[in-house]
Amino acid sequence: MAEQARAVGSLPVANVQALAEACNAGVDGDQQVPERYLSKDPSTDEVVAGDDSACAIPVIDLHMLQDPQASEECAKLASACLNWGFFQLINHGLPEEVIGNLVNDVVEFFKQPLEDKKECAQQADSLEGYGQAFVVSEDQKLDWADMLYLQVHPSESKDPRFWPTRPASFRHSVDVYSSEARELAYRLLEFMAKAVGADPMSLRGMFEGQTQGIRVNYYPPCRQAADRVLGLTAHTDACGLTLLLQMNHDVQGLQVKKDGKWFAVQALEGAFIVNVGDVLEIISNGKFRSVEHRAVIHPAKERISVALFHYPCQNMVVGPLPEFMKGDKVLYNSTNYQDFLKQYFTAKLDGRKHLQRLKLEQ
Ligand SMILES: O=C(O)CCC(=O)C(=O)O
Ligand SMILES: [Fe+2]
(Lines give C-alpha, C1' and ligand atoms only; values in the text may rest on other atoms or scores of the structure.)
(Ligands and ions follow the chains in the order given, each with its own letter.)
Protein backbone atom coordinates (compact mmCIF):
# COMPACT_ATOMS: atom_id res chain seq x y z
CA MET A 1 0.00 0.00 0.00
CA ALA A 2 2.80 2.42 0.79
CA GLU A 3 3.84 2.75 -2.85
CA GLN A 4 0.51 1.80 -4.29
CA ALA A 5 -1.41 4.41 -2.32
CA ARG A 6 0.66 7.02 -4.05
CA ALA A 7 0.49 5.50 -7.51
CA VAL A 8 -3.25 4.94 -7.79
CA GLY A 9 -5.60 7.87 -7.73
CA SER A 10 -9.38 7.99 -7.81
CA LEU A 11 -11.58 10.07 -10.13
CA PRO A 12 -13.28 12.93 -8.30
CA VAL A 13 -16.97 12.33 -7.57
CA ALA A 14 -19.65 14.07 -5.49
CA ASN A 15 -19.30 14.30 -1.75
CA VAL A 16 -21.78 11.75 -0.43
CA GLN A 17 -22.40 13.38 2.95
CA ALA A 18 -23.56 16.55 1.16
CA LEU A 19 -25.52 14.59 -1.45
CA ALA A 20 -27.26 12.60 1.31
CA GLU A 21 -28.23 15.80 3.09
CA ALA A 22 -29.93 17.03 -0.09
CA CYS A 23 -31.62 13.68 -0.79
CA ASN A 24 -32.76 13.08 2.79
CA ALA A 25 -34.13 16.58 3.35
CA GLY A 26 -37.73 17.48 2.70
CA VAL A 27 -40.34 15.51 0.81
CA ASP A 28 -39.95 13.00 -2.04
CA GLY A 29 -39.58 14.76 -5.32
CA ASP A 30 -36.64 16.79 -4.04
CA GLN A 31 -33.19 15.63 -5.03
CA GLN A 32 -33.33 11.94 -6.07
CA VAL A 33 -30.59 9.46 -5.30
CA PRO A 34 -28.61 9.36 -8.57
CA GLU A 35 -28.73 6.12 -10.57
CA ARG A 36 -24.97 5.62 -10.16
CA TYR A 37 -25.48 4.81 -6.48
CA LEU A 38 -28.18 2.19 -7.05
CA SER A 39 -25.90 -0.84 -7.14
CA LYS A 40 -27.78 -3.40 -5.08
CA ASP A 41 -30.72 -5.61 -5.94
CA PRO A 42 -32.47 -6.47 -2.67
CA SER A 43 -34.45 -9.31 -4.28
CA THR A 44 -31.34 -11.40 -5.02
CA ASP A 45 -29.62 -10.97 -1.66
CA GLU A 46 -29.97 -13.54 1.05
CA VAL A 47 -29.12 -11.83 4.34
CA VAL A 48 -28.99 -13.57 7.72
CA ALA A 49 -29.95 -11.16 10.52
CA GLY A 50 -27.26 -10.06 12.96
CA ASP A 51 -29.25 -10.54 16.15
CA ASP A 52 -29.20 -14.35 15.93
CA SER A 53 -26.13 -15.31 17.98
CA ALA A 54 -26.15 -18.84 16.58
CA CYS A 55 -25.28 -17.37 13.17
CA ALA A 56 -22.91 -14.65 14.36
CA ILE A 57 -19.20 -14.24 13.75
CA PRO A 58 -17.26 -15.78 16.69
CA VAL A 59 -16.29 -13.75 19.75
CA ILE A 60 -12.70 -14.16 20.96
CA ASP A 61 -11.57 -13.07 24.41
CA LEU A 62 -7.98 -11.80 24.52
CA HIS A 63 -7.74 -12.39 28.28
CA MET A 64 -8.54 -16.02 27.75
CA LEU A 65 -6.11 -16.32 24.83
CA GLN A 66 -3.35 -15.11 27.12
CA ASP A 67 -4.13 -17.76 29.71
CA PRO A 68 -1.78 -20.69 28.97
CA GLN A 69 -4.34 -23.11 30.47
CA ALA A 70 -7.17 -21.99 28.17
CA SER A 71 -6.39 -23.90 25.01
CA GLU A 72 -10.05 -23.85 23.90
CA GLU A 73 -9.84 -20.12 23.16
CA CYS A 74 -6.85 -20.76 20.91
CA ALA A 75 -8.78 -23.49 19.07
CA LYS A 76 -11.74 -21.12 18.73
CA LEU A 77 -9.43 -18.51 17.20
CA ALA A 78 -8.09 -21.00 14.65
CA SER A 79 -11.62 -22.06 13.73
CA ALA A 80 -12.84 -18.42 13.45
CA CYS A 81 -9.98 -17.55 11.08
CA LEU A 82 -10.59 -20.61 8.94
CA ASN A 83 -14.39 -20.71 8.82
CA TRP A 84 -15.32 -17.03 8.97
CA GLY A 85 -12.15 -15.02 8.40
CA PHE A 86 -13.71 -12.64 10.93
CA PHE A 87 -14.17 -12.43 14.70
CA GLN A 88 -15.02 -9.87 17.37
CA LEU A 89 -12.31 -9.31 19.96
CA ILE A 90 -13.30 -8.51 23.54
CA ASN A 91 -11.16 -7.77 26.61
CA HIS A 92 -8.54 -6.43 24.19
CA GLY A 93 -7.02 -4.04 26.73
CA LEU A 94 -6.95 -0.92 24.56
CA PRO A 95 -7.64 1.96 26.98
CA GLU A 96 -11.17 3.33 26.74
CA GLU A 97 -9.79 6.85 26.81
CA VAL A 98 -7.66 6.23 23.71
CA ILE A 99 -10.66 4.90 21.79
CA GLY A 100 -12.91 7.66 23.17
CA ASN A 101 -10.53 10.40 22.00
CA LEU A 102 -10.35 8.91 18.53
CA VAL A 103 -14.12 8.58 18.29
CA ASN A 104 -14.71 12.19 19.42
CA ASP A 105 -12.21 13.61 16.96
CA VAL A 106 -13.49 11.56 14.03
CA VAL A 107 -17.07 12.64 14.75
CA GLU A 108 -15.94 16.28 14.98
CA PHE A 109 -14.07 15.98 11.69
CA PHE A 110 -17.18 14.90 9.79
CA LYS A 111 -19.34 17.57 11.46
CA GLN A 112 -17.29 20.33 9.84
CA PRO A 113 -18.56 22.20 6.78
CA LEU A 114 -17.59 20.54 3.50
CA GLU A 115 -15.10 23.30 2.61
CA ASP A 116 -13.16 22.65 5.81
CA LYS A 117 -13.09 18.88 5.30
CA LYS A 118 -11.86 19.47 1.74
CA GLU A 119 -8.63 20.90 3.11
CA CYS A 120 -7.42 17.31 3.25
CA ALA A 121 -9.09 16.21 -0.01
CA GLN A 122 -7.54 13.42 -2.09
CA GLN A 123 -5.28 14.52 -4.92
CA ALA A 124 -5.00 12.99 -8.37
CA ASP A 125 -1.87 10.96 -7.59
CA SER A 126 -2.92 9.43 -4.28
CA LEU A 127 -5.37 7.24 -2.43
CA GLU A 128 -4.73 9.17 0.76
CA GLY A 129 -6.99 11.96 1.93
CA TYR A 130 -10.70 12.68 2.08
CA GLY A 131 -12.83 11.43 -0.82
CA GLN A 132 -13.74 8.07 -2.37
CA ALA A 133 -11.54 5.11 -3.16
CA PHE A 134 -11.08 3.22 -6.41
CA VAL A 135 -13.30 5.24 -8.74
CA VAL A 136 -11.71 4.50 -12.09
CA SER A 137 -14.38 5.11 -14.70
CA GLU A 138 -17.20 7.55 -15.34
CA ASP A 139 -19.85 4.82 -15.49
CA GLN A 140 -18.77 2.77 -12.48
CA LYS A 141 -21.34 2.34 -9.68
CA LEU A 142 -20.49 4.40 -6.61
CA ASP A 143 -20.50 3.75 -2.88
CA TRP A 144 -22.82 5.68 -0.58
CA ALA A 145 -19.96 6.84 1.65
CA ASP A 146 -17.01 9.17 2.01
CA MET A 147 -13.72 8.11 3.49
CA LEU A 148 -10.49 9.49 4.84
CA TYR A 149 -7.46 7.30 4.20
CA LEU A 150 -4.09 8.02 5.84
CA GLN A 151 -0.84 6.18 6.14
CA VAL A 152 0.00 6.23 9.81
CA HIS A 153 3.11 4.09 10.12
CA PRO A 154 6.10 4.18 9.73
CA SER A 155 6.13 7.83 10.70
CA GLU A 156 8.28 8.89 7.73
CA SER A 157 5.54 7.63 5.37
CA LYS A 158 2.97 10.07 6.77
CA ASP A 159 1.89 12.73 4.30
CA PRO A 160 0.88 15.86 6.23
CA ARG A 161 -1.10 17.22 3.25
CA PHE A 162 -3.91 14.83 4.09
CA TRP A 163 -3.97 14.96 7.89
CA PRO A 164 -6.80 17.08 9.30
CA THR A 165 -5.71 20.06 11.38
CA ARG A 166 -9.19 20.35 12.91
CA PRO A 167 -10.11 19.28 15.49
CA ALA A 168 -6.68 20.24 16.83
CA SER A 169 -6.26 16.96 18.72
CA PHE A 170 -7.07 14.78 15.65
CA ARG A 171 -3.47 13.95 14.74
CA HIS A 172 -2.50 13.09 18.27
CA SER A 173 -5.60 10.92 18.81
CA VAL A 174 -4.93 8.97 15.61
CA ASP A 175 -1.24 8.51 16.47
CA VAL A 176 -1.93 7.19 19.97
CA TYR A 177 -4.79 4.97 18.86
CA SER A 178 -2.97 3.48 15.89
CA SER A 179 0.19 2.74 17.84
CA GLU A 180 -1.75 0.95 20.61
CA ALA A 181 -3.76 -0.97 18.02
CA ARG A 182 -0.59 -1.92 16.15
CA GLU A 183 0.77 -3.66 19.22
CA LEU A 184 -2.54 -5.45 19.57
CA ALA A 185 -2.42 -6.58 15.94
CA TYR A 186 1.11 -8.00 16.47
CA ARG A 187 -0.07 -9.87 19.59
CA LEU A 188 -2.97 -11.31 17.63
CA LEU A 189 -0.67 -12.45 14.84
CA GLU A 190 1.35 -14.35 17.43
CA PHE A 191 -1.76 -16.07 18.75
CA MET A 192 -3.01 -16.85 15.26
CA ALA A 193 0.27 -18.52 14.31
CA LYS A 194 0.34 -20.44 17.59
CA ALA A 195 -3.29 -21.51 17.13
CA VAL A 196 -2.39 -23.49 14.00
CA GLY A 197 0.84 -24.92 15.37
CA ALA A 198 3.27 -22.47 13.73
CA ASP A 199 6.04 -20.49 15.43
CA PRO A 200 4.29 -17.50 17.11
CA MET A 201 7.00 -15.14 15.85
CA SER A 202 6.68 -16.25 12.22
CA LEU A 203 3.86 -13.82 11.37
CA ARG A 204 4.78 -11.09 13.80
CA GLY A 205 8.22 -10.88 12.21
CA MET A 206 6.69 -10.16 8.79
CA PHE A 207 4.37 -7.41 9.96
CA GLU A 208 6.11 -5.71 12.86
CA GLY A 209 7.18 -2.14 12.05
CA GLN A 210 5.67 -2.29 8.53
CA THR A 211 3.02 -0.15 6.86
CA GLN A 212 -0.17 0.62 8.75
CA GLY A 213 -3.00 2.59 7.15
CA ILE A 214 -6.19 3.99 8.65
CA ARG A 215 -9.43 4.30 6.75
CA VAL A 216 -12.29 6.20 8.32
CA ASN A 217 -15.61 5.42 6.61
CA TYR A 218 -18.56 7.78 6.88
CA TYR A 219 -21.88 6.23 5.80
CA PRO A 220 -24.73 8.75 5.72
CA PRO A 221 -28.31 7.48 5.94
CA CYS A 222 -30.30 7.05 2.74
CA ARG A 223 -34.00 7.61 3.35
CA GLN A 224 -35.12 7.02 -0.24
CA ALA A 225 -33.22 3.88 -1.21
CA ALA A 226 -31.34 2.29 1.71
CA ASP A 227 -31.90 -1.20 0.28
CA ARG A 228 -30.57 -0.25 -3.17
CA VAL A 229 -27.34 1.54 -2.26
CA LEU A 230 -24.14 0.06 -0.81
CA GLY A 231 -21.88 1.91 1.60
CA LEU A 232 -18.93 -0.22 0.62
CA THR A 233 -19.00 -2.63 -2.25
CA ALA A 234 -18.13 -6.31 -1.59
CA HIS A 235 -14.38 -6.78 -1.31
CA THR A 236 -11.61 -8.52 0.55
CA ASP A 237 -8.84 -6.57 2.25
CA ALA A 238 -5.43 -6.74 0.55
CA CYS A 239 -3.47 -6.51 3.79
CA GLY A 240 -2.56 -9.08 6.43
CA LEU A 241 -4.85 -8.20 9.31
CA THR A 242 -7.56 -5.53 9.70
CA LEU A 243 -8.80 -4.15 13.03
CA LEU A 244 -12.16 -2.48 12.63
CA LEU A 245 -13.86 -0.24 15.13
CA GLN A 246 -17.51 0.51 14.60
CA MET A 247 -18.48 3.71 16.33
CA ASN A 248 -22.25 3.59 16.54
CA HIS A 249 -22.44 -0.05 17.49
CA ASP A 250 -26.26 -0.02 17.48
CA VAL A 251 -26.44 0.67 13.72
CA GLN A 252 -25.82 -2.51 11.73
CA GLY A 253 -23.95 -2.13 8.47
CA LEU A 254 -21.14 -4.65 8.05
CA GLN A 255 -22.05 -7.92 6.32
CA VAL A 256 -19.76 -10.92 5.90
CA LYS A 257 -20.15 -13.61 3.23
CA LYS A 258 -20.24 -17.25 4.27
CA ASP A 259 -21.56 -20.22 2.30
CA GLY A 260 -23.00 -17.87 -0.33
CA LYS A 261 -25.07 -15.83 2.16
CA TRP A 262 -24.50 -12.42 3.71
CA PHE A 263 -24.37 -12.42 7.50
CA ALA A 264 -25.15 -9.08 9.16
CA VAL A 265 -22.74 -8.27 11.98
CA GLN A 266 -24.10 -6.98 15.27
CA ALA A 267 -21.07 -5.10 16.62
CA LEU A 268 -20.48 -5.54 20.35
CA GLU A 269 -19.94 -2.27 22.18
CA GLY A 270 -16.23 -1.71 22.80
CA ALA A 271 -15.12 -4.76 20.77
CA PHE A 272 -12.87 -4.81 17.73
CA ILE A 273 -13.99 -6.60 14.60
CA VAL A 274 -10.91 -8.36 13.27
CA ASN A 275 -10.54 -9.82 9.79
CA VAL A 276 -7.99 -11.75 7.79
CA GLY A 277 -6.70 -10.10 4.61
CA ASP A 278 -5.49 -11.67 1.34
CA VAL A 279 -1.82 -11.71 2.36
CA LEU A 280 -2.55 -13.84 5.43
CA GLU A 281 -4.71 -16.27 3.51
CA ILE A 282 -1.83 -16.95 1.13
CA ILE A 283 0.94 -17.00 3.74
CA SER A 284 -1.05 -19.45 5.87
CA ASN A 285 -1.71 -21.64 2.82
CA GLY A 286 -5.46 -21.19 3.36
CA LYS A 287 -5.53 -21.94 7.10
CA PHE A 288 -6.87 -18.42 7.57
CA ARG A 289 -9.37 -17.11 5.05
CA SER A 290 -9.78 -13.65 3.59
CA VAL A 291 -13.52 -13.33 3.22
CA GLU A 292 -15.70 -10.99 1.18
CA HIS A 293 -17.49 -8.31 3.15
CA ARG A 294 -19.47 -5.16 2.42
CA ALA A 295 -21.27 -2.34 4.19
CA VAL A 296 -24.98 -1.60 3.83
CA ILE A 297 -26.79 1.63 4.67
CA HIS A 298 -29.42 2.54 7.25
CA PRO A 299 -32.45 4.59 6.12
CA ALA A 300 -32.29 7.04 9.03
CA LYS A 301 -29.01 6.73 10.88
CA GLU A 302 -25.43 7.49 9.95
CA ARG A 303 -22.65 5.01 10.72
CA ILE A 304 -18.92 5.55 11.08
CA SER A 305 -16.24 2.87 11.10
CA VAL A 306 -12.47 3.01 11.40
CA ALA A 307 -10.37 0.29 9.77
CA LEU A 308 -6.68 -0.19 10.51
CA PHE A 309 -4.86 -2.19 7.85
CA HIS A 310 -1.58 -3.95 8.64
CA TYR A 311 0.64 -4.63 5.64
CA PRO A 312 3.69 -6.90 5.46
CA CYS A 313 7.29 -6.12 4.69
CA GLN A 314 7.52 -4.41 1.26
CA ASN A 315 10.09 -6.74 -0.25
CA MET A 316 8.63 -10.04 0.86
CA VAL A 317 7.50 -12.85 -1.39
CA VAL A 318 3.78 -13.44 -0.84
CA GLY A 319 3.49 -17.21 -0.80
CA PRO A 320 2.71 -20.05 1.61
CA LEU A 321 5.23 -20.17 4.47
CA PRO A 322 6.77 -23.61 5.12
CA GLU A 323 5.93 -23.02 8.80
CA PHE A 324 2.23 -23.24 7.90
CA MET A 325 2.44 -26.25 5.61
CA LYS A 326 4.29 -28.98 7.44
CA GLY A 327 3.70 -31.49 4.68
CA ASP A 328 0.42 -30.04 3.37
CA LYS A 329 -0.06 -29.45 -0.32
CA VAL A 330 0.90 -25.97 -1.56
CA LEU A 331 -2.37 -24.22 -2.42
CA TYR A 332 -1.18 -20.82 -3.66
CA ASN A 333 1.35 -19.45 -6.10
CA SER A 334 3.99 -17.14 -4.76
CA THR A 335 4.43 -13.65 -6.10
CA ASN A 336 6.49 -10.66 -5.06
CA TYR A 337 4.65 -8.20 -2.90
CA GLN A 338 4.69 -5.29 -5.35
CA ASP A 339 3.19 -7.45 -8.11
CA PHE A 340 0.68 -8.83 -5.66
CA LEU A 341 -0.51 -5.30 -4.81
CA LYS A 342 -0.59 -4.26 -8.46
CA GLN A 343 -2.81 -7.23 -9.28
CA TYR A 344 -5.07 -6.55 -6.33
CA PHE A 345 -5.58 -2.93 -7.32
CA THR A 346 -6.03 -3.85 -10.97
CA ALA A 347 -8.80 -6.20 -9.91
CA LYS A 348 -10.35 -3.06 -8.34
CA LEU A 349 -11.09 -4.27 -4.87
CA ASP A 350 -12.14 -7.65 -6.13
CA GLY A 351 -9.62 -9.39 -3.95
CA ARG A 352 -11.47 -12.66 -4.12
CA LYS A 353 -10.96 -12.88 -7.87
CA HIS A 354 -7.35 -12.03 -7.35
CA LEU A 355 -7.00 -14.78 -4.75
CA GLN A 356 -8.61 -17.27 -7.11
CA ARG A 357 -5.94 -16.49 -9.69
CA LEU A 358 -3.17 -17.20 -7.19
CA LYS A 359 -4.86 -20.36 -6.01
CA LEU A 360 -3.47 -23.48 -7.63
CA GLU A 361 -5.73 -25.99 -9.36
CA GLN A 362 -6.58 -28.89 -7.04
O1 LIG B 1 -17.49 -0.16 7.60
C2 LIG B 1 -17.39 -1.38 7.71
O3 LIG B 1 -18.03 -2.00 8.53
C4 LIG B 1 -16.44 -2.14 6.81
C5 LIG B 1 -15.22 -1.36 6.40
C6 LIG B 1 -14.28 -2.13 5.54
O7 LIG B 1 -14.51 -3.25 5.19
C8 LIG B 1 -13.03 -1.49 5.04
O9 LIG B 1 -12.81 -0.29 5.31
O10 LIG B 1 -12.24 -2.20 4.37
FE1 LIG C 1 -12.74 -4.22 4.28
Side-chain angles (χ1 to χ4, degrees), residues 9-42 102-124 127-150 162-170 173-174 214-233 244-255 264 267 294-307:
S10 193
L11 295 174
V13 287
N15 179 268
V16 183
Q17 191 174 357
L19 176 63
E21 274 163 25
C23 294
N24 291 334
V27 288
D28 288 333
D30 287 3
Q31 165 99 46
Q32 294 294 303
V33 173
E35 186 65 33
R36 279 190 83 184
Y37 293 90
L38 303 178
S39 59
K40 182 167 163 296
D41 177 357
L102 176 89
V103 169
N104 289 341
D105 286 348
V106 163
V107 169
E108 284 307 308
F109 172 77
F110 286 109
K111 270 195 201 151
Q112 296 179 99
L114 180 56
E115 284 319 305
D116 291 354
K117 286 182 293 226
K118 277 193 169 162
E119 281 175 14
C120 38
Q122 268 173 357
Q123 296 182 11
L127 269 186
E128 283 187 80
Y130 177 58
Q132 280 76 25
F134 307 111
V135 183
V136 289
S137 85
E138 295 297 341
D139 49 21
Q140 179 187 332
K141 290 287 185 189
L142 298 176
D143 289 339
W144 190 256
D146 302 314
M147 61 115 208
L148 172 67
Y149 181 75
L150 300 168
F162 303 112
W163 284 67
T165 52
R166 280 181 306 268
S169 49
F170 187 97
S173 300
V174 168
I214 194 167
R215 178 177 160 139
V216 186
N217 300 298
Y218 179 84
Y219 305 104
C222 184
R223 185 174 56 80
Q224 291 172 30
D227 60 345
R228 307 264 333 265
V229 297
L230 272 176
L232 186 53
T233 227
L244 184 78
L245 182 73
Q246 173 166 327
M247 294 195 176
N248 2 31
H249 68 97
D250 54 328
V251 185
Q252 281 188 22
L254 176 65
Q255 298 185 343
R294 67 181 188 179
V296 298
I297 294 295
H298 194 280
K301 292 183 188 168
E302 67 177 22
R303 192 173 77 93
I304 301 177
S305 69
V306 179

A.B. asks: Does the side chain of L254 come within less than 4.5 Å of S305's, by heavy atoms?
C.D. replies: no
A.B. asks: Is there side-chain contact between T233 and K141, with heavy atoms separated by less than 4.5 Å?
C.D. replies: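 No, side chains not in contact.
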A.B. asks: Counting only N and O atoms by type, is there a donor-acceptor contact under 3.5 Å from the side chain of R228 to the main-chain atoms of P42?
C.D. replies: no
A.B. asks: Between Q255 and A264, what is the shortest heavy-atom contact and its length?
C.D. replies: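 What the structure gives for the nearest pair is CG-CA, 4.0 Å.
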A.B. asks: So V296 and L230, do their side chains get closer than 4.5 Å, heavy atoms only?
C.D. replies: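 Answer yes - side chains close enough.
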A.B. asks: So, for R303 and A295, which heavy atoms are closest and what is the spacing to 0.1 Å?
C.D. replies: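 In terms of heavy atoms, the two residues are closest at NH2-CB, 3.6 Å.
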A.B. asks: Is the closest side-chain heavy-atom distance between Q132 and D146 below 4.5 Å?
C.D. replies: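 Q132 reaches D146 side chain to side chain.
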A.B. asks: In Å and rounded to the nearest 0.5 Å, what is the CG to CG distance from D143 to N217?
C.D. replies: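 Answer rounded to 0.5 Å: 9.0 Å.
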A.B. asks: What's the shortest heavy-atom distance between F162 and L148, and which atoms?
C.D. replies: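 The answer is O-CD1, 4.0 Å.
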A.B. asks: Looking only at atom types and distance, does a side-chain atom of N15 sit under 3.5 Å from a main-chain N or O of A18, one as donor and one as acceptor?
C.D. replies: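 At least one qualifying donor-acceptor pair exists.
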A.B. asks: Show your working on side chain to side chain contact (heavy atoms under 4.5 Å, CB included) between I297 and K40 and close with a plain yes or no.
C.D. replies: CA-CA 11 Å; I297 294 295; K40 182 167 163 296; over 6 Å; no
A.B. asks: Please check if the side chain of Q246 supplies one atom and the backbone of N248 the other of a donor-acceptor pair under 3.5 Å.
C.D. replies: yes
A.B. asks: Where the side chain of K301 meets the backbone of P221, is there a donor-acceptor pair that is under 3.5 Å apart?
C.D. replies: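 It does not hold such a pair.
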A.B. asks: Looking at side-chain heavy atoms only, is the closest gap between L142 and V16 below 4.5 Å?
C.D. replies: no
A.B. asks: If you define the side chain from C-beta out and look only at heavy atoms, does anything of R36 sit under 4.5 Å from V13?
C.D. replies: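 Answer yes - side chains close enough.
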A.B. asks: Roughly how far, to the nearest 0.5 Å, is the CD atom of E128 from the CG atom of L150?
C.D. replies: 6.0 Å
A.B. asks: Under the side chain to side chain contact (heavy atoms under 4.5 Å, CB included) criterion, do V174 and V216 qualify, and how do the steps go?
C.D. replies: CA-CA 11 Å; V174 168; V216 186; over 6 Å; no
A.B. asks: Can you check whether P220's main-chain N or O pairs, donor with acceptor, with W144's side chain at less than 3.5 Å?
C.D. replies: yes
A.B. asks: Ignoring hydrogens and geometry, is there a side-chain-to-backbone donor-acceptor pair from R166 to E108 under 3.5 Å?
C.D. replies: no
A.B. asks: Let me confirm one number: the NZ-CD distance from K117 to E115, rounded to the nearest 0.5 Å.
C.D. replies: 10.0 Å
A.B. asks: Provide the closest heavy-atom pair for R215 versus A133 in the form atom of the first, atom of the second, distance.
C.D. replies: NH1-CB, 3.8 Å
A.B. asks: Would a distance-only check, ignoring hydrogens and angles, find a side-chain to backbone donor-acceptor pair under 3.5 Å from Q224 to C23?
C.D. replies: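 Side chain of Q224 to backbone of C23: a pair is present.
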A.B. asks: Quick check: does any side chain N or O of R223 sit under 3.5 Å from a backbone N or O of N24, one acting as donor and the other as acceptor?
C.D. replies: yes
A.B. asks: Search all heavy atoms of M147 against all heavy atoms of L127 and return the closest pair with its distance.
C.D. replies: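 For M147 and L127, the tightest heavy-atom pair comes out as CE-O, 3.9 Å.
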A.B. asks: Has Q17 got a side-chain atom pairing as donor or acceptor with Y218's backbone, closer than 3.5 angstrom?
C.D. replies: no
A.B. asks: Considering only heavy atoms from C-beta outward, does the side chain of F109 approach that of I304 to under 4.5 Å?
C.D. replies: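 Contact flag for F109/I304 side chains = no.
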A.B. asks: So, for A145 and G231, which heavy atoms are closest and what is the spacing to 0.1 Å?
C.D. replies: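 Residues A145 and G231, closest heavy atoms: CB-O, 3.4 Å.
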A.B. asks: In the structure I gave you, are the side-chain heavy atoms of V229 and L38 within less than 4.5 Å of one another anywhere?
C.D. replies: yes
